[in-house]
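Just so it is clear: chains get the letters A, B, ... in the order the sequence lines come, proteins before strands, and each one is counted from 1.
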Amino acid sequence: MSERPLRADSRLERVLRSGRFAVTAELNAPDSADPEDVYRNALVLAEVCDAINATDGSGANCHMSSMGCCALLTRAGYEPVLQVSCRDRNRIAIQGDLLGAAAMGVKNVLCLTGDDVTVGDQPEAKRVFDLDSIQLLRTARIMCEQGVFLSGRRLTTPPRFFLGAAANPFVPPLEYRHLRLAKKVAAGADFIQTQYCFDIRIFREYMRRVRDLGLHRQVYILVGVGPLRSEKAAEFMRTRVPGVWIPDEIVERLRKTPKKRKREEGIRICVEIIEQVREIEGVHGIHVMAYRQEETVAEIIHRAGLFPRQARPGWQRPRRRDTSSPQLGRVK
Amino acid sequence: MSQMPEARRLPGSEWLKDHPRILEWIYLRSKAVLGRLYPWMRRLSPGWTERLFVRSEEWVKGYLFNCQMCGQCILHSTGMTCPMNCPKNLRNGPCGGVRADGHCEVIPEMPCVWVQAWERSSRMAHYGEEIRLIQPPVNRQLEHTSAWINMFEGIDARTPPGWVPVELEIETSGDP
């Protein structure tokens, strides 16, 4: 993986290339038109991770767009990962958005299928799914490498992206999930962020299959982790959030914990899982998803021994004068 | 997609789909016979031929596979399970939302199309490996046209002009 030239020269890419254990974290997009709300959420993540994922209507619920969040983040010198889901936009909109994102300085893109509209708060909406996640990944790769739209029309300046894809090793068909990963790698994925890992056994088995195909040498794999607040939160996640698998042992462990120490126990479980996945060959980093508890991310990363991150090594002041830059002094 | 495909289980169709080798055999025979007949039929009356094919596909594939008439059939590459029955129209494998019991995220009573597709393709003799191919974006203009005719005319093999296919080494014995 190390011989080829840098895809996009993003901070995340450089961290992974250098062989360091990467940390990314998910930003909860606000239900607000105020940029301060984005910066407030980003601030607690920025110093403890290498890139910040801006979700694209996660759980099919409407929030500020990934595009909007990324625009704000790049302006302030943060390193975002633009999440693009196939649920809401057709190929025309997506290709246009990719160009727009690249122009704003976004260098990492995560290509997703997307949760279905029926799980969100507006189930009566029309689902799009014009492309699927692999076709989206391929389209982005073609735009970068061939410098054309899907129509064949030439781009004056092609974008440069470090391209990511998602993987869920924890749901059926378990014995074929690694083949889906192989497809994503063939389509052009540079890095993978997985669904929440709570079942280390299933993950080990998955990684064994991934290594058998040699995929761990072709793609960087970041394992999804996150803290559980209580057994109720765990129960909610495994029944209502699509694709989340939490084994009974973990729910049971939280149930047995006294109420005051549940939050602490959730963090401890998360840290234990990080320590275990770090030992697995082919794992290159973690992706922390702490829905509505961003303040715990720093603690988790610190306790897992992944701190300090190098403080924004990739950040450079934009060369051209940027008249629209935010007043950083106001961010608290 | 105009309507949500339902979790249909018609008599005989599930049994047949669980025996993909039979369907594979039928496909290969039909391809050989129809491929010979089609040029003659087209010469006689293109409009009539088109109508006949579309109607037959709506009936036969509709009954067997709950065909959504996308006009670019890849059934033999997806374990004889129609990927357009996936509510998200995924043609390259399952999404991450499959339930622990192997059922669909969107329609809980329907088994995930791709769980069935992988399992069935592993039991196919000729085209089983083709499930590993990367399928190009769907041409929505072909909806409600005949997939057989599109195949004979080479229309279904056309990809968007900018599309660059991924070369994968797979073993397909193809036509016996």
Choice from [options] maximising heavy atom contacts with chain B below 4.5 Å:
{"options": "A:Met143, A:Lys183, A:Lys184, A:Gln146", "result": "A:Lys183"}
{"options": "A:Arg87, A:Glu145, A:Arg180, A:Arg238", "result": "A:Arg180"}
{"options": "A:Leu131, A:Val171, A:Leu112", "result": "A:Val171"}
{"options": "A:Val148, A:Leu150, A:Thr113", "result": "A:Leu150"}
{"options": "A:Glu175, A:Arg141, A:Arg177, A:Gln195", "result": "A:Arg177"}

Go through the side-chain N and O atoms of B:Ser146 and B:Glu57 and say whether any donor and acceptor fall under 3.5 Å apart.
-> yes
For B:Gln72 and B:Asn139, does a side-chain donor sit closer than 3.5 Å to a side-chain acceptor?
-> no
Return the option, out of [options], with the maximum number of heavy-atom pairs under 4.5 Å with chain A.
{"options": "B:Pro94, B:Pro165, B:Pro160", "answer": "B:Pro94"}
{"options": "B:Pro137, B:Cys95, B:Cys112", "answer": "B:Pro137"}
{"options": "B:Thr159, B:Asn92, B:Ile134, B:Val166", "answer": "B:Asn92"}

What part of B:Pro136 gets closer than 4.5 Å to chain A, counting heavy atoms only: side chain, backbone, both or neither?
-> backbone
Is any NZ, NE, NH1 or NH2 atom of the basic residue among A:Asp56 and A:Arg89 found under 4.0 Å from an Asp or Glu carboxylate oxygen of the other?
-> yes
Inspect the contact between B:Asp18 and B:Arg120 and indicate whether a charged nitrogen and a carboxylate oxygen are less than 4.0 angstrom apart.
-> yes
Mind running salt bridge (charged side-chain N to carboxylate O under 4.0 Å, His left out) on B:Arg21 and B:Glu24 for me, showing each step along the way?
-> CA-CA 5 Å; B:Arg21 278 185 181 224; B:Glu24 202 176 22; 5.5 Å; no
Report which part of [X] has an atom under 4.5 Å of a heavy atom belonging to chain B: side chain, backbone, both, or neither.
{"X": "A:Ile142", "value": "side chain"}
{"X": "A:Asn168", "value": "side chain"}
{"X": "A:Ser151", "value": "backbone"}
{"X": "A:Arg153", "value": "neither"}
{"X": "A:Ala166", "value": "neither"}

Around B:Ile22, counting heavy atoms of other residues, nucleotides and ligands shown, do more than 12 lie under 6.0 Å from its CD1?
-> yes
Hey, would you say the B:Trp148 and B:Tyr27 ring centroids sit under 6.0 Å apart?
-> yes
Quick check, are the ring centers of B:Trp118 and A:Tyr176 under 6.0 angstrom apart?
-> yes
Fit a plane to each ring of A:Phe162 and A:Phe191, take the angle between them on a 0 to 90° scale, and name the class: parallel (under 30°), tilted (30 to 60°) or perpendicular (over 60°).
-> parallel
